[in-house]
Amino acid sequence: MINTFSVKQFRIIALIEGESYICFGITMTLKYIFEILEPNYIVGMIHGLVFILYCFWLLVLTVRNTWSWSEGIIFFIASLIPFGTFYIDAKYLKKIQQS
């Protein structure tokens with residue numbers, strides 16, 4: 001059976017999720033300071049979809065014992081913190097993918 005859920009794919013999703021979080025923060029400024037609503041709506045939807053994909057991929061890889069449940073919880077918490085996904089990529093995901 002082909003393993004369709006890989007750590008390499010999760011790393012890519014994690015980086016996209018981190019970038020979408022930053023973009024969402026920028027569009028929040030546009031929305032509340034400059035009253036430009038459209039970018040926030042579009043980027044917010046994209047960020048929401050990427051976040052759901054990130055959580056789904058995280059759950060699948062954690063259940064498949066790619067990493068421990070404690071690491072899975074750390075990875076989830078990192079998705080809620082700005083720049084958190086970049087941190088877990090540098091600290092954990094590169095090492096896991098190489099092993």
Fill in the blank from the handout: residues 33-43 vs side-chain hydrogen bond (donor to acceptor under 3.5 Å, both in side chains), sequence neighbours excluded, gives T27-N40
Exercise for the section: Would you please name every residue forming a ring pair (Phe, Tyr, Trp, His ring centres under 6.0 Å) with F56, sequence neighbours left out? Expected result: F5
Problem - Under the side chain to side chain donor-acceptor pair (under 3.5 Å) test, residues paired with S79 that sit two or more places apart - result: none
Exercise for the section: Can you sort out the partners of I16 under side chain to side chain contact (heavy atoms under 4.5 Å, CB included), two or more places apart, ordered by chain and number? Expected result: I12, V50
Problem - Results of side chain to side chain contact (heavy atoms under 4.5 Å, CB included) for I77 - residues two or more places apart only - result: I73, I81
Problem - Pairing residues for F51 by the ring pair (Phe, Tyr, Trp, His ring centres under 6.0 Å) criterion, not counting sequence neighbours - result: none
Exercise for the section: For residues 17-39, pull every pair meeting ring pair (Phe, Tyr, Trp, His ring centres under 6.0 Å), keeping only residues two or more places apart or in separate chains. Expected result: Y21-H47, F24-H47
Exercise for the section: Quick one: list whatever passes side chain to side chain contact (heavy atoms under 4.5 Å, CB included) with I22, sequence neighbours left out. Expected result: I26, F83, F86
Practice task
May I have all residue pairs that pass salt bridge (Lys or Arg N to Asp or Glu O under 4.0 Å) and include part of residues 4-14, sequence neighbours excluded?
Solution key: R11-D89
Practice task
List for me each residue that meets side chain to side chain donor-acceptor pair (under 3.5 Å) alongside W67, sequence neighbours excluded, and say none if there are none.
Solution key: T62
Problem - Within residues 69-78 or reaching into it, pairs that qualify as side-chain hydrogen bond (donor to acceptor under 3.5 Å, both in side chains) - sequence neighbours excluded - result: S68-S70
Problem - Check: Y54 ring centroid to F10 ring centroid under 6.0 Å - result: yes
Completion exercise
Contacts of L53 meeting side chain to side chain contact (heavy atoms under 4.5 Å, CB included) (sequence neighbours excluded), chain-then-number -> I13, W57
